[in-house]
Amino acid sequence: MYCNYCGKVIQDDASHCAYCGKRIGGVIGRERLVRPRAGRKIAGVCAGFAEYLDLDVTLVRLVWLITAVMTGVGILSYPIAWIVMPEEPARLEAPAGYPAPTS
Ligand SMILES: [Zn+2]
């Protein structure tokens, strides 16, 4: 098979690309820092971090909010993370009745 990131040929049973070191296969969206389409409040940045770090999303939002209020960093970092973090691929989230992605 081919690496999705660098396009080089890698072993079929490889879990990581030998060339670029990216994780191959598995459940995308639980191991990559992406904004999930489900369970988001604003842009899914906190939900993405919560899934990536395996933390409670409420805890992440709380920490983010406290950081934002105390330092002002969170206010700037949220839109930055929004822009930088890719959206979770649509094909992974298709519950019945879920609105079709507009992108
Ligand atoms: Zn690669």
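Source: prediction; values computed, not measured.
When all heavy atoms of M1 and Q11 are compared, the pair lying nearest together is CE-O, 3.6 Å. The minimum heavy-atom distance between I10 and A18, with the atom names listed, is CG2-N, 4.1 Å.
I66 pairs by the side-chain contact (heavy atoms from CB on, under 4.5 Å) definition with L62, M70, not counting sequence neighbours.
Connectivity analysis of hydrophobic side chains (ILVMFWY, heavy atoms under 4.5 Å, direct or indirect) links V9 to Y2.
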